[in-house]
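Since the structure comes first, as structure tokens, the remarks are kept for the end.
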Amino acid sequence: MKKQFLSLLLLGLIAVACQKPGTNTTSQNDSGINTKVEALLSKMTLIEKIGQLNQYSSRWELTGPAPEGVDSMSLYNMVKEGKVGSMLNVTGANATRKIQAWAVDSSRLGIPLILAYDVIHGYETMFPIPLAEAASWEPELAKKSSRVAATEASAVGLHWTFAPMVDIARDARWGRFMEGSGEDPYLGAKMAYARVKGFQGDDLSDETTMAACAKHFAAYGFIESGRDYNTVQIGDPTLHNIVFPPFKACVDAGVATFMNAFNTVNETPATASSYLQRDILKGEWGFEGFVVSDWNSIGEMVPHGVAVDKKEAAYKAITAGSDMDMEGNAYINNLEELVNEGKVDEALIDDAVRRILTIKFKLGLFDDPYKYCNPEREKVLRCDEHLAAAKEAAKRSIVLLKNENDLLPLKKDGLKIAVIGELAGSKDVPLGSWRAKAITNSAVSLLEGIKNVGGSSSIRFAQGPAYTEGLRSFTTELNINTTDRSGMSEARLLASKSDVVVIALGEDCWQSGEGRSQTDISMKGFQQELLEEVYKVNKNVVVVLMNGRPIEINWMAENVPAIVECWHLGSEAGNGIAEVLFGDYNPAGKLPVSFPRAVGQQPLYYNHLHTGRATNGEGNVFWSHYTDQSKEPLYPFGYGLSYTTFDYSNLKLSTNELTEGGKIVVEATITNTGNVAGEEIVQLYIRDLVGSISRPVKELKGFEKIKLEPKESKVVSFEITTKDLEFYGASKEWKAEPGDFNLWVGPNSAEGMAASFTLKKMN
Ligand code: NOJ
């Protein structure tokens, strides 16, 4: 009966039975889809509708605490009864086909499931963690990585990724820093837009694309004291001017879904916030996709203390615009009763169902629910082409922080190179956290990369004291070795007999990610001691940093001659890093985040407000500073060196007065003053000197990455219009306020050529 209905539906309304997957244009035709959605909706019982709002994880792969009362058998039965609309954490063309068949063949209406997974920076081919990739300042690169990730994930039957994570982060104590694009809303918005385009392509029904999900709406990156799942207190201007822009960029890119957040925002859980989900997202921004809760974030309203039980939580969440309940059991167990009691209007449920069905139609799942489950396509996983793309992304995400006396690049012949540190030998750490189906130990280690690229150099390895001990995994706490020093003297001896030491230090990848907040962001275990021991016997030290967040590296920055920020760079990390170390690729990345001098500076970000006492005019203590440490970052946002040097000159503004509808063309000449070709990321910042509310000391408003041959010059130009000057101010709307502005064009947020202009009063 149900199969008959589905066939009729498909034949009668779609009439596309013979089309090949990906060529069905009707699935992109919104009015056609609306008709199909309405037809289907009219056949659904209330509980079937609520079923569409219900999502469960497979029981064999959990990415959060398992809720009570759902085992594999009950899940199977619920899918067959049409009480599940989506599942997460089912992967593999065969497994997804099997589970899809439960829904399509056995439920009354045969509505396909939408299958989701956290494909954050690759599926099996791992790309740099998103924070690292943001250091490339190349949205096109991020788009390409996401395209590859979607190609792999869609080949194993997945339709939907819980990415991009676009939370602006300002506090390095937060473990999820690694998942986003750093501290800046402008750069964050560019990367967010590109990633959505990469995952979704131009046509959701194409079998190599998947629905993207902008998360976590909103302000998760502002959790107090960097402790995961904690409270957020945030002012309206910061919410609008800093937190929202990357989310809005996702809407502009046509993102299919949003995920809300665990945290409260000013005392209201984001999941219960009508302001966020209805007024802003679905109202002001006109978002037509659906919102999924975060893992049991509806149920978590009970411990948050805003609902007495899950029934009240369900009421609050559906009212506020949360369309799908991830792993919470709150909707499926309570919404029917809430409707029958007249507390929830069925129209709210219809709206959520419509949104979900629409995305399922757009994905083409009603044309062929199995179109993504094709074992033949699985051969794309970790194919050579994808690995080559991963290597390209890896090297382009590297930031050269220090290079005294041109220690780098290293010569490829005749050098005795000591490679030191557990991270240098690790084939696992570079894969990063939130690594989808990366195969354990499948990355090219730094040591392997150096051997691959290092020519005839003599390359020796010493691990030094073990960094971690015991189980390393996504779901367990990491154990850092703090007792066993063995390996220290071997490392020291090797360093003493070598010409140069390449030492990998920083963080194991399981130190960052969800649930991995830290109060101490310095190097853990014996790493600092190992560095100092090695440095005592050999001053030619190159530190390769591997980390998922900014870390404290003051001693290193002061003492060792070369530091290369290499984050967690994915499957091809070692090859990418080695190409930089030996000069096959001239590093060009710039920091997407300020590097602190001390954890006590957190939250630290370049686009802060000006205090009333920013400088010490009188030599006394009464100004905004620390008495034991500089208030400035160790390395500012936007900072990064190259094997060449760039000169900035000739800053010109087409006019110093901007009027409504007009523009200022800003030009600067950049010259490669060194002897090798290199790329430079030229950055434009502004400051609005006086506003209806206090404005940041600097705001990024443009950037361009250019390549220059030795001695070559290029003129880089930016355009400034009133749109670029708009912000959410005292009037509670986005608008530019007339007055004076400063402007800088430079290599990072702390340096640059300065000019000023005036925005004339508008009518
Ligand atoms: C919780 C995380 O916050 C979210 O980002 C993720 O997508 C879900 N778990 C599903 O794994």
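Numbers for residues simply follow the sequence, beginning at 1. Each ligand, and each atom within it, is numbered from 1 in the order the structure gives. Everything numeric in this text was worked out from a predicted model, so none of it was measured.
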Which atom pairs, donor and acceptor, lie under 3.5 Å between side-chain atoms of residues 289-296 and protein residues at least two apart or in another chain?
unit_1: Ser293; atom_1: OG; unit_2: Met326; atom_2: N; d: 2.9
unit_1: Trp295; atom_1: NE1; unit_2: Pro65; atom_2: O; d: 2.9
unit_1: Asn296; atom_1: OD1; unit_2: Gly299; atom_2: N; d: 3.3

Fill in: Asp323: partners by salt bridge (Lys or Arg N to Asp or Glu O under 4.0 Å), with sequence neighbours left out
Lys282
Discussion item. Going by side-chain contact (heavy atoms from CB on, under 4.5 Å), Val166 matches just one of Cys250, Pro245, Pro130, Pro185. Which one?
Written reply: Cys250
Worksheet item: With sequence neighbours left out, what residues match Arg377 under salt bridge (Lys or Arg N to Asp or Glu O under 4.0 Å)?
Response: none
Worksheet entry | Arg170 to Tyr605, cation-pi by 6.0 Å centre distance and 45° axis angle | yes
Worksheet item: Do side-chain atoms of Ser58 reach the backbone of Val90 as a donor and acceptor pair under 3.5 angstrom?
Response: no
Discussion item. As a test of reading the model: which residues have a non-hydrogen atom less than 4.0 Å away from ligand 1?
Written reply: Thr63, Leu88, Asp118, Phe162, Arg176, Lys215, His216, Met259, Phe262, Asp294, Trp295, Met326, Trp434, Glu514
